[in-house]
Amino acid sequence: LRIVSEYKKKSEENGFYDRNAAAKLHERIEKRQQVLAEDVERRKEARQSQSVAEEKSEYFVSSFNAERAGIQELLSDCSGADRPTVTQKLEEATAKMTQLQKFLNDSMIFLSQYQIRVAQGALQKLQASLNETREEALPKKKFTFRSRTKAAEKVSDSPPPPSSETVSSGVTKVEEAAISEQTGFSNISNESLTKTSEEIQSRDVLLTHLTNCKVRLYGSPSTLHLKHITACEVLCGPVATSVFVDHCSNSVLGFACQQLRTHNTTDTQVYLHVTSRAIIEDCRGVSFAPFCWSYPTLDQDFTASGLDQDRNNWSQVDDFNWLAAGTPSPNWTVIPEADRKTTWDP
Amino acid sequence: MGLLTILKKMKQKEREMRLLMLGLDNAGKTTILKKFNGEDVSTISPTLGFNIKTLEHRGFKLNIWDVGGQKSLRSYWRNYFESTDGLVWVVDSADRLRMEDCRQELSALLLEERLAGATLLVFANKQDLPGALTKEAIREVLALDDINTHHWCIIGCSAVTGENLLAGVDWMLDDIAARIFTAE
Ligand SMILES: Nc1nc2c(ncn2[C@@H]2O[C@H](COP(=O)(O)OP(=O)(O)O)[C@@H](O)[C@H]2O)c(=O)[nH]1
Ligand SMILES: [Mg+2]
């Protein structure tokens, strides 16, 4: 076979000839022959289905372009509009983008590489102008390091050359940033602590090292972290994504969220509204009841958080240390109705 | 036709890749997987065990393993390492509190023998959140520039809006394809 001799020649040029490699190559060639035969079959089938595919891809292109124009129109409608209108238009545009992405994903089977590239490019451009519109109409605070190294400013698309510049530990910088970017309370004992809706709206709220405190968080944070909480009562409005509870003991908590992740927590009651699931890990004596705190703007905050007020899976708790199906985990319980709190101090 | 071209053609027929998606819990791994698959992402539960999905993309068959991020499961991660072509490391860009934890887990992972040679894609996820760190900041915190054992790339994305998910996977496919579908 020509290929083998070519290979042999090449190898000999390099000063060695490996019998094993030749055998491997034969194997591959056989495989390729097989593949070629299969290919012929496939091409025959392909010819038959080609006309169908052409129709499909025509349909794809025209629908894709129509949808894209619709989204572009939504975005251009945003300039000069008032905030609620912009928010609504952006939401609509985002939802349509998602659909369009799915449409593309579903259509990939019958599209050519070129068509996929073009559509992906168009989607990316659209996403960029959506971001731009959002940034302009609803600006967010930018995070920057105090002293950014040159290396961090380059964009990496390929493995960078080994750098002689050693990156100094960025961790302390991030911790600094965390303090300025996040809102919350830490290292406090025996106090009543409150945050208003304006202070926490869409931000990350962090409570750490609190002992014997009463905490009220009115409004809808993006995420809520509770760490090292002892003998506290913490109530919080609807959290758009996840609540993290870590090292919490002898406390009473109440909040609504999409997911709850509880770690290293003991003897704590959770009054919970969770739209997907709660999990516990390395916990003991955690008990659950439905969320029942209320304050004047709660409904509004539910809307802002995007949580479904009618879907509450508070009693479906997964214990990551208890994977036995059928037998319930001994690490958590439901608070009996008679023992549940029904009123809360302000 | 040169030998290299022939080998390349032969291997391309197989066109199957195995990607492993890892990261701390809550990073957004399951959401990314579902979004990529065009599923509803508003009702995702914390992952118990793992999710496996097979997706078709650009003519490649991608077997994606989304392994639960919980602490008690981290020791099982290595069970899924065998024959991994690409590692997708997902970072919650807004979770400043656990960035150090995230850095340590990633650097420990890269020492794993069975992952040697795997392409690394770091997804700086949740870029849609106001408090998100930029991908440049995360690149610095995770000390990605110190990595010289794996091909890597960091991409800012959002599993909720879908932004850049395809761009990331495309980079990964190109890198893996260039590596495994050329010569041995
Ligand atoms: N805002 C925002 N939230 C996200 C994004 N990706 C995931 N989430 C949320 O983060 C939480 C954890 O996501 P999940 O996929 O379960 O994380 P996993 O543990 O890595 O599988 C969920 O509440 C998601 O809705 C994102 O890109 N943006
Ligand atoms: Mg998951």
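Lettering of chains follows the sequences in order, A, B, ..., and the numbering in each one begins at 1. These numbers come from a predicted model, not from an experiment.
Residue pairs meeting the salt bridge (Lys or Arg N to Asp or Glu O under 4.0 Å) criterion with at least one member in residues 156-170 of chain B, sequence neighbours excluded, are B:Arg58-B:Asp170.
In this structure, the side chains of B:Lys35 and A:Thr98 come closer than 4.5 Å at one or more pairs of heavy atoms. Here the side chains of B:Lys126 and A:Thr223 are not in contact, with every heavy-atom distance at 4.5 Å or above. Contact annotation: the side chain of A:Phe244 approaches that of B:Asp25 to within less than 4.5 Å [non-hydrogen atoms, C-beta and beyond]. Contact check for B:Ile44 versus A:Gln259: side-chain heavy atoms found under the 4.5 Å cut-off.
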Walk me through it: do B:Asp95 and A:His225 pass the test side-chain contact (heavy atoms from CB on, under 4.5 Å)? CA-CA 10 Å; B:Asp95 188 1; A:His225 294 259; 3.7 Å; yes
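Qualifying side-chain hydrogen bond (donor to acceptor under 3.5 Å, both in side chains) partners for B:Thr161, counting only residues two or more places apart in sequence or in other chains: B:Ser158.
Interatomic distance, CG of B:Leu166 versus CG of A:Leu123, reported as 8.0 Å (0.5 Å rounding).
Proximity to chain B (any heavy atom under 4.5 Å) is restricted, for A:Asn131, to the side chain, taken from C-beta onward. In this structure, no portion of B:Asp40 lies under 4.5 Å from any heavy atom of chain A.
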